[in-house]
Amino acid sequence: MTKSCPKCGKELPDDAKFCMDCGYTIDDSGTSKSNIFSNGTIFIVLIVIVLVIGGIVIFSSGLGTNNNSNADDVAQNQHAVSLTITDVSGWDSKYDGKHSYSLYTEAIFNKVPDDKKGYNIKTRYYDSNGTEIGHETETLDNIYYDSEYALSFGHYITYKLPNPDHVTVEVIKDGKVVDNFTEKIDKSKIDYLN
C-alpha cells in the first residue's frame, strides 16, 4: 500500500516520514506538516536573525560614536578661550530724573581660537546671596580684538541700585557652556557704591 504526498502528490511508501521530492513531513497519523527545513525556510529565518542582531550592533555603536564625538567636541572647545578677569567697574548716570546704574567687566584674553564662529561670552553679575542681578551675552567676535590690554564687555544697565558681589564669565560654544571664570568684585572700585 502506498500513500501520496499531500503537497506535491508524489507517491510515497506507507512507512515514509517525509516526501523525497518536496520535503513535506508526514506524521504518524498520516497527515502532513510542513518541514521547517524545506524550501530554505530555516535559511531565511537565520538571515533575518543575523540582520536584526547586526542592525542592533551597528545602531548602538553608532550612538556610542555620536556620544563620544559630542564629548570630544566639548573637550576640544574647553579652554579654547582663556581669560583673566582684571576688574569689574561701573558708573551711574541721571537722565530726565531717572537714575541708571551700569556694571561692566574687564579681562585680558590669554587665548582665543582663530575661528571665533559659534563662541559667545555670557557675563553674569551676582549679589552676596548668589542671586543673579543681571547678565549680558555677546559674541566673542564682537568683544575681542588683539590687544595686550584688558577689554571691557558684559555691560549691564539697571535702574535699581545693584549690590554686586561676584561675576561669572561663561564661554559658550554652539549653545553649550564649555568653560567659566569667576571673580570676586572689589566694590571700592565702583563709584556709586561708595
Side-chain angles (χ1 to χ4, degrees), residues 55-194:
I56 291 170
V57 168
I58 290 170
F59 180 73
S60 56
S61 70
L63 286 178
T65 302
N66 288 340
N67 288 340
N68 288 341
S69 70
N70 288 342
D72 291 344
D73 289 345
V74 170
Q76 183 180 19
N77 291 322
Q78 193 170 22
H79 308 302
V81 176
S82 174
L83 59 88
T84 303
I85 300 171
T86 58
D87 202 5
V88 174
S89 296
W91 69 85
D92 63 328
S93 62
K94 196 171 189 178
Y95 178 74
D96 206 18
K98 258 191 167 171
H99 228 108
S100 66
Y101 305 93
S102 137
L103 291 168
Y104 65 93
T105 299
E106 294 179 344
I108 294 176
F109 284 79
N110 307 313
K111 182 180 170 189
V112 175
D114 291 334
D115 183 8
K116 294 180 254 335
K117 186 178 179 186
Y119 281 94
N120 291 312
I121 303 296
K122 186 169 191 174
T123 309
R124 296 177 187 255
Y125 299 98
Y126 294 93
D127 65 15
S128 59
N129 295 323
T131 303
E132 184 179 320
I133 296 169
H135 66 269
E136 182 65 31
T137 304
E138 302 153 281
T139 64
L140 180 59
D141 224 5
N142 277 349
I143 65 173
Y144 177 77
Y145 61 91
D146 191 13
S147 172
E148 59 189 55
Y149 301 104
L151 303 175
S152 68
F153 56 92
H155 294 82
Y156 171 71
I157 298 173
T158 180
Y159 292 105
K160 181 180 174 187
L161 180 66
N163 189 13
D165 177 71
H166 62 279
V167 63
T168 298
V169 177
E170 296 175 339
V171 178
I172 301 168
K173 171 68 170 148
D174 298 326
K176 295 180 184 135
V177 176
V178 293
D179 217 338
N180 64 64
F181 306 86
T182 300
E183 188 71 28
K184 183 95 167 139
I185 296 174
D186 182 355
K187 294 181 191 182
S188 68
K189 294 185 178 182
I190 302 175
D191 291 338
Y192 58 78
L193 294 177
N194 296 304

Step by step, would you call Thr168 with His166 a side-chain contact (heavy atoms from CB on, under 4.5 Å)? CA-CA 7 Å; Thr168 298; His166 62 279; 4.3 Å; yes
How long is the straight-line distance from [atom2] of [Y] back to [atom1] of [X], given to the nearest 0.5 Å?
X	Y	atom1	atom2	answer
Tyr125	His135	OH	NE2	11.5 Å
His99	Ser93	NE2	OG	7.0 Å
Asp92	Ile157	CG	CD1	11.5 Å

What is the minimum heavy-atom distance between [X] and [Y], and which atoms define it?
X	Y	result
Ala80	Pro113	O-CD, 3.3 Å
Asn194	Lys187	ND2-O, 3.4 Å
Phe181	Ser82	CZ-CA, 4.1 Å
Tyr192	Ser102	OH-O, 3.0 Å
Glu106	Ala150	CB-CB, 4.1 Å

Validation row: [X], [Y] side chains within 4.5 angstrom (heavy atoms):
X	Y	answer
Ile190	Pro164	yes
Tyr144	Ile121	no
Ile185	Asp165	no
Thr123	Tyr156	no
Leu151	Ile143	no
Ile133	Lys160	no
Phe109	Ser147	no
Thr182	Tyr126	no

With a 3.5 Å distance limit and no angle check, can you tell me whether [X] reaches the backbone of [Y] through a side-chain donor-acceptor pair?
X	Y	value
Glu183	Asp87	no
Lys173	Lys117	yes
Tyr95	Ser100	no
Asn129	Thr131	no

Do Lys122 and Asn180 have a side chain donor and acceptor closer than 3.5 Å?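 No donor-acceptor contact under 3.5 Å links the two side chains.
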Hey, can you tell me if Trp91 and Tyr104 have their rings parallel, tilted or perpendicular (30° and 60° cut-offs)?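 The rings of Trp91 and Tyr104 sit tilted, inter-plane angle from 30° to 60°.
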Pair Asp179-Val81, side-chain contact (heavy atoms from CB on, under 4.5 Å): steps then yes or no: CA-CA 8 Å; Asp179 217 338; Val81 176; over 6 Å; no
Just to verify, which of Thr86, Val88, Leu83 counts as forming a side-chain contact (heavy atoms from CB on, under 4.5 Å) with Thr105?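 Of Thr86, Val88, Leu83, side-chain contact (heavy atoms from CB on, under 4.5 Å) with Thr105 is met by Val88 alone.
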